[in-house]
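Working notes for the structure below.
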Amino acid sequence: MFMRPATKEDVQSWKEIFEQYHRLITPSRKSAREMIAYLQEKYGCISFENEEWQQAIQKEVLMNEHNLEKVQPNTPMCVQLYQLEDNASSHHVFEQRAEVFKESEIFVGVEMNSGYLHIEGSDVLYDELFVYQGLDEQDIKNPFLVAQYVELCHKFAVEIV
């Protein structure tokens, strides 16, 4: 998770990584349902309802041109919300997250139409889910997303596909 303002050096680095890797990456983005299945199987997340959060996540999709392009026409947006509890399977996510998140609960919002993920309270979980979800054809054209994907694949020792 990139958590600071980008510098010119960052942008140059992203472009260099993009040029080196974008032709090697195969579109492999997982659907919203696949992401939820992964979360539930690995961490046993708890589903909950919160209209304010659901609307906020829908606005995030609508306000970001890249995310908005993933919304299927004539299909309403639907956000599902999940909370991670600190248990044996998720404890490492709570322990390894950045200090800024240490006192926060961990929530995941999944917009079912676009597959957009909103992770609150854990940079570690964000990074894991970003790699697991993969990139689609549109994402592979974005130097920042390609660079982030490559860097996180290296971090998690995951093959770049």
Side-chain angles (χ1 to χ4, degrees), residues 1-7 10-11 13-15 17-18 21-22 25-85 90 93-94 97-98 100-101 103-153 155-156 158 160-161:
M1 172 181 263
F2 194 78
M3 296 179 19
R4 61 178 172 74
T7 65
D10 292 327
V11 173
S13 174
W14 299 335
K15 288 178 181 178
I17 293 169
F18 175 80
Y21 286 95
H22 80 278
I25 300 171
T26 305
S28 60
R29 185 178 168 105
K30 292 177 181 55
S31 70
R33 294 198 189 292
E34 289 172 304
M35 295 305 295
I36 291 169
Y38 176 83
L39 274 170
Q40 290 177 325
E41 184 176 309
K42 187 165 183 179
Y43 297 115
C45 298
I46 299 168
S47 178
F48 71 98
E49 296 287 326
N50 183 309
E51 190 173 326
E52 187 176 320
W53 275 54
Q54 290 165 319
Q55 288 177 358
I57 292 169
Q58 286 179 2
K59 285 180 185 175
E60 287 178 20
V61 172
L62 294 171
M63 292 174 52
N64 181 301
E65 185 177 323
H66 182 77
N67 293 327
L68 186 57
E69 289 175 2
K70 296 179 187 305
V71 175
Q72 301 298 315
N74 302 317
T75 306
M77 285 197 290
C78 172
V79 175
Q80 293 188 13
L81 301 171
Y82 298 89
Q83 181 176 1
L84 256 68
E85 290 189 323
S90 66
V93 173
F94 284 84
R97 61 192 173 158
V100 69
F101 298 120
E103 300 301 319
S104 302
E105 298 291 335
I106 299 177
F107 300 104
V108 177
V110 182
E111 199 289 303
M112 301 303 291
N113 186 330
S114 65
Y116 173 75
L117 297 175
H118 174 95
I119 293 91
E120 189 82 26
S122 176
D123 52 324
V124 174
L125 184 62
Y126 174 89
D127 292 350
E128 176 186 343
L129 294 178
F130 184 81
V131 169
Y132 182 76
Q133 187 173 41
L135 303 178
D136 63 18
E137 289 180 21
Q138 178 187 352
D139 297 334
I140 295 170
K141 296 175 186 174
N142 183 311
F144 171 73
L145 294 178
V146 167
Q148 186 177 29
Y149 179 74
V150 168
E151 290 171 356
L152 292 173
C153 283
K155 174 183 172 181
F156 290 110
V158 172
I160 297 169
V161 293

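In this text the structure is predicted, and so the values were computed from the model without any measurement. All values below come from the heavy atoms of this structure, side chains included, with hydrogens, waters and symmetry mates left out.
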[X] to [Y] - nearest heavy-atom pair and separation:
{"X": "Asn67", "Y": "Glu60", "result": "ND2-O, 4.3 Å"}
{"X": "Ala98", "Y": "Asp123", "result": "N-OD1, 2.8 Å"}
{"X": "Tyr43", "Y": "Val93", "result": "OH-CG2, 3.6 Å"}
{"X": "Cys153", "Y": "Ile160", "result": "CB-CG1, 3.7 Å"}
{"X": "Tyr149", "Y": "Val131", "result": "CE1-O, 3.8 Å"}
{"X": "Leu84", "Y": "Ser90", "result": "CD2-CB, 4.1 Å"}

Can you list the residues that meet the side-chain contact (heavy atoms from CB on, under 4.5 Å) rule with [X], with sequence neighbours excluded?
{"X": "Ser47", "result": "Tyr82"}
{"X": "Thr75", "result": "Gln72, Asn113"}
{"X": "Asp10", "result": "Phe2, Arg4, Ala6, Thr7, Trp14"}
{"X": "Val124", "result": "Gln96, Arg97, Ser122"}

Say you draw a straight line from [atom1] of [X] to [atom2] of [Y]; how long is it, rounded to the nearest 0.5 Å?
{"X": "Leu39", "Y": "Gln80", "atom1": "CG", "atom2": "CD", "value": "11.0 Å"}
{"X": "His66", "Y": "Leu68", "atom1": "NE2", "atom2": "CG", "value": "11.0 Å"}
{"X": "Trp53", "Y": "Phe107", "atom1": "CH2", "atom2": "CZ", "value": "5.0 Å"}
{"X": "Thr26", "Y": "Ile140", "atom1": "OG1", "atom2": "CD1", "value": "7.0 Å"}
{"X": "Leu125", "Y": "Phe94", "atom1": "CG", "atom2": "CZ", "value": "9.0 Å"}
{"X": "Gln55", "Y": "Glu51", "atom1": "CD", "atom2": "CD", "value": "4.5 Å"}

Verify the distance criterion only: is there a donor paired with an acceptor across the side chains of Gln58 and Gln54 at less than 3.5 Å?
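No pair is found: no donor N or O on one side chain lies under 3.5 Å from an acceptor on the other.
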Validation row: Gln148, Leu145 side chains within 4.5 angstrom (heavy atoms):
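They are in side-chain contact.
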Any sub-3.5 Å donor-acceptor pair from Glu120's side-chain atoms to Glu105's backbone N or O?
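Not confirmed, Glu120 side chain does not pair with Glu105 backbone.
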Got a donor-acceptor contact below 3.5 angstrom from the Ser31 side chain to the Glu34 backbone?
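Yes; at least one donor-acceptor contact below 3.5 Å.
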Listed by chain and number, what are the ring pair (Phe, Tyr, Trp, His ring centres under 6.0 Å) partners of [X], not counting sequence neighbours?
{"X": "Tyr116", "answer": "none"}
{"X": "His118", "answer": "none"}
{"X": "Phe156", "answer": "none"}
{"X": "Phe101", "answer": "none"}

Can you list the residues that meet the side-chain hydrogen bond (donor to acceptor under 3.5 Å, both in side chains) rule with [X], with sequence neighbours excluded?
{"X": "Ser104", "answer": "none"}
{"X": "Glu41", "answer": "none"}
{"X": "Glu151", "answer": "none"}

Quick one, Leu81 with Ile57, criterion side chain to side chain contact (heavy atoms under 4.5 Å, CB included). Give me CA distance, side-chain angles, the key distance, then yes/no.
CA-CA 10 Å; Leu81 301 171; Ile57 292 169; 3.8 Å; yes
Please determine whether the number of non-hydrogen atoms from other residues, nucleotides or ligands lying under 6.0 Å from atom [atom1] of [X] exceeds 12.
{"X": "Lys15", "atom1": "NZ", "result": "no"}
{"X": "Glu69", "atom1": "CD", "result": "yes"}
{"X": "Glu85", "atom1": "CD", "result": "no"}

Assess whether side chain to side chain contact (heavy atoms under 4.5 Å, CB included) is satisfied between Leu152 and Lys155, documenting all intermediate values.
CA-CA 5 Å; Leu152 292 173; Lys155 174 183 172 181; 4.0 Å; yes
Which residue pairs satisfy the salt bridge (Lys or Arg N to Asp or Glu O under 4.0 Å) criterion with at least one member in residues 137-147, sequence neighbours excluded?
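The answer is Arg29-Asp139, Lys70-Asp139.
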Among Lys30, Glu128, Gln133, find the one that has a side-chain hydrogen bond (donor to acceptor under 3.5 Å, both in side chains) with Tyr38.
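Considering Lys30, Glu128, Gln133, a side-chain hydrogen bond (donor to acceptor under 3.5 Å, both in side chains) with Tyr38 is found only for Glu128.
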Using the rule side chain to side chain contact (heavy atoms under 4.5 Å, CB included), only one of Val161, Leu135, Asp136 pairs with Ser28; which is it?
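Between Ser28 and the candidates, side chain to side chain contact (heavy atoms under 4.5 Å, CB included) is satisfied uniquely by Val161.
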Under the side chain to side chain contact (heavy atoms under 4.5 Å, CB included) rule, what do Val71 and Leu62 come out as? Steps first, then yes or no, please.
CA-CA 9 Å; Val71 175; Leu62 294 171; 5.7 Å; no
